[in-house]
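Have a look at the structure below, then the notes.
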Amino acid sequence: MDIPRIFNITESAHRIHNPFTSEKLATLGAALRLETGTRVLDLGSGSGEMLCTWARDHGVTGTGIDMSRLFTEQAKRRAAELGVADHVTFIHGDAAGYVSDDKAGVAACVGATWIAGGVIGTVELLARSLRAGGIILIGEPYWRQLPPTEDVARGCLAGSISDFLPLPELLASFSHAGYDVVEMVLADQEGWDRYEAAKWLTMRRWLEANPDDELAKEVRAQLTSEPERYATYTREYLGWGVFALMPR
């Protein structure tokens, strides 16, 4: 069980696998007013930066589940590095359909809503692991401006314009599903640049070390095209944020 290998290559040096900086992640933790001992469930936990830093800074406990074997091992090392390995657990596994027996004060899926077929399906999945009075966190892209054509949407790596909503409509969709939006922290251009541009040096170093690998041609093609694609499409049209929800 693993994610496609190309992602393990391009994001192998990332601590945060979405357009958030460490400062934004800290802002989110503070905005949620986390209390010591709060249990956090993180589906699609990546390299564990959210759980590990919140355990260090706020005294939370919790569990992260991620399909990437590499990212899960990185998360365990990060927990040891920050001295919180006794407070957080990382499981290499499929987060799709995962429901915790121990109800969480915060149930999160930050950037992997495909695990339950989209935003609302993922909200419903997380709600099954949430204790009364708890908070759901959803990380999701939105259109900063609607793409004028489907080709532009595909340039943003969306399947179509309908894959994402403008921010007001995304917020309204949570309300229509029966949830109050109680906080949000949005990525900025610096966060996007750090997420996307950091891949390019990783790819270049990987190519230098693995010229004969079966994925070398794919990585080379991606490194050649990604800077222009990102600057033309994603950077101009796509936003991203984490939204805190509480069921009514």
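These numbers come from the heavy atoms of this one structure, side chains and all, not from hydrogens, waters or symmetry mates.
Taking the six-membered ring where the residue is Trp, F243 and F174 present tilted rings, their angle falling between 30° and 60°. Taking the six-membered ring where tryptophan is involved, the planes of H58 and W54 are perpendicular, since the angle between them exceeds 60° and thus also 30°.
Grouping the Ile, Leu, Val, Met, Phe, Trp and Tyr side chains by contacts below 4.5 angstrom, directly or via other members, places L157 apart from I115. Cluster annotation: V99 and V40 are assigned to distinct hydrophobic clusters (Ile/Leu/Val/Met/Phe/Trp/Tyr, side-chain heavy-atom contacts under 4.5 Å, transitive). Connection of V123 to L171 is established within a shared hydrophobic cluster, with ILVMFWY side chains joined at heavy-atom distances below 4.5 Å, either directly or through further cluster members. In terms of hydrophobic clustering, with Ile, Leu, Val, Met, Phe, Trp and Tyr side chains grouped at heavy-atom distances under 4.5 Å, L165 and V152 are assigned to different clusters. Residues V119 and V106 are members of separate hydrophobic clusters, defined by side-chain heavy-atom contacts under 4.5 angstrom among Ile, Leu, Val, Met, Phe, Trp and Tyr.
D42 contributes atom CG, which lies 8.0 Å from atom SG of C109 (distance to the nearest 0.5 angstrom). Atom CG of L43 sits about 11.5 Å away from atom OG1 of T113, to the nearest 0.5 Å. Taking OG1 of T27 as the start and CG of L186 as the end, the distance is 11.5 Å to the nearest 0.5 Å. Between T63 atom OG1 and Y98 atom OH the span is 5.5 Å, to the nearest 0.5 Å. Note that the CG atom of L130 and the NZ atom of K103 stand 8.5 Å from one another [nearest 0.5 Å]. With values rounded to the nearest 0.5 angstrom, M67 atom CE is found 8.5 Å from D2 atom CG.
Remark: side-chain polar atoms of E140 are not paired, donor with acceptor, to backbone N or O of W240 under 3.5 angstrom. No donor-acceptor distance shorter than 3.5 angstrom exists from the side chain of D180 to the backbone of V182, with no hydrogens or angles considered. Side-chain atoms of R69 never come within 3.5 Å of backbone atoms of H92 as a donor-acceptor pair (strictly under, hydrogens ignored). Panel note: side chain D163, backbone A158; no donor-acceptor pair is recorded below 3.5 Å. In terms of modelled atom types and a separation under 3.5 Å, the side chain of W192 and the main chain of A197 share no donor-acceptor contact.
Taking 4.5 Å as the limit, every side-chain heavy atom of L215 sits out of range of all side-chain heavy atoms of N210. At a threshold of 4.5 Å between non-hydrogen side-chain atoms, the residues Y237 and P148 count as touching. Side-chain contact between V110 and F20 is absent, with no heavy atoms from C-beta onward closer than 4.5 Å. Two residues are said to be in side-chain contact when any heavy atoms from C-beta on lie closer than 4.5 Å; D94 and M1 meet this criterion. Using a 4.5 Å cut-off on side-chain heavy atoms (C-beta onward), L238 and R144 make no contact. A heavy-atom distance below 4.5 Å is not found between the side chains of V242 and I138. Two residues are said to be in side-chain contact when any heavy atoms from C-beta on lie closer than 4.5 Å; L137 and L32 meet this criterion. Residues L223 and R204 have side chains in contact (heavy-atom distance under 4.5 Å, counting atoms from C-beta outward).
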With side-chain contact (heavy atoms from CB on, under 4.5 Å) as the criterion, how do R229 and E196 come out once you've worked through the C-alpha distance, each side chain's angles and the decisive distance to 0.1 Å? CA-CA 11 Å; R229 183 208 63 78; E196 294 289 349; 4.2 Å; yes
Intermediate values then yes/no, side-chain contact (heavy atoms from CB on, under 4.5 Å), I65 and F90: CA-CA 6 Å; I65 299 96; F90 293 99; over 6 Å; no
Go through it in stages, so that I can follow the logic: the residues are E49 and L25, the test is side-chain contact (heavy atoms from CB on, under 4.5 Å), and I'd like the CA-CA distance, side-chain angles, deciding distance and then a yes or no. CA-CA 9 Å; E49 192 71 0; L25 202 55; 3.9 Å; yes
Using the side-chain contact (heavy atoms from CB on, under 4.5 Å) rule, take F71 and H17 through it: C-alpha gap first, then chi angles, then the decisive distance, then the call. CA-CA 10 Å; F71 298 165; H17 300 276; 3.4 Å; yes
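Across every non-hydrogen atom of T21 and G191, the tightest pair is CG2-CA, 3.8 Å. Between I120 and S173 the shortest heavy-atom distance is CD1-O, 4.0 Å. Between T72 and I91, the shortest heavy-atom contact is CG2-C, 3.9 Å. For T202 against S12, the heavy-atom pair with the smallest separation is CG2-OG, 3.4 Å. When every heavy atom of P166 is checked against every heavy atom of Y142, the shortest pair comes out as C-CB, 4.4 Å. For the pair T61 and G37, the tightest heavy-atom approach, listed with the atom from each and the gap, is OG1-O, 4.1 Å.
Of the N and O atoms on the side chains of R78 and S47, not one donor lies less than 3.5 Å from an acceptor on the other residue. In this model, a donor atom of one side chain and an acceptor atom of the other lie less than 3.5 Å apart for E11 and Y195. No hydrogens or angles considered: nothing links the side chains of S160 and R154 as a donor-acceptor pair under 3.5 Å.
A salt bridge links R235 with D193: at least one charged nitrogen is closer than 4.0 Å to a carboxylate oxygen. A salt bridge is absent between R77 and E73: the closest approach of a Lys/Arg side-chain nitrogen to an acidic carboxylate oxygen does not fall below 4.0 angstrom. Comment: K199 does not engage E226 in a salt bridge, judged by the lack of any side-chain N to carboxylate O separation of less than 4.0 angstrom. Ion pairing of R128 with E124 is absent here, as no side-chain N (NZ or NE/NH1/NH2) approaches a carboxylate O to less than 4.0 Å.
When the shell of 6.0 Å around CZ of F7 is examined, it contains 12 or fewer heavy atoms from other residues, nucleotides or ligands. Annotation for R5: atom CZ counts as buried by contact number, over 12 foreign heavy atoms lying within 6.0 Å. Around atom CZ of R33, no more than 12 heavy atoms belonging to other residues, nucleotides or ligands sit under 6.0 Å away. Environment of CD in E208: crowded, with over 12 heavy atoms of neighbouring residues, nucleotides or ligands closer than 6.0 Å. Around atom CD of Q189, more than 12 heavy atoms belonging to other residues, nucleotides or ligands sit under 6.0 Å away.
Partner of K24 under the side chain to side chain contact (heavy atoms under 4.5 Å, CB included) criterion, out of I16, D188, N18: D188 alone.
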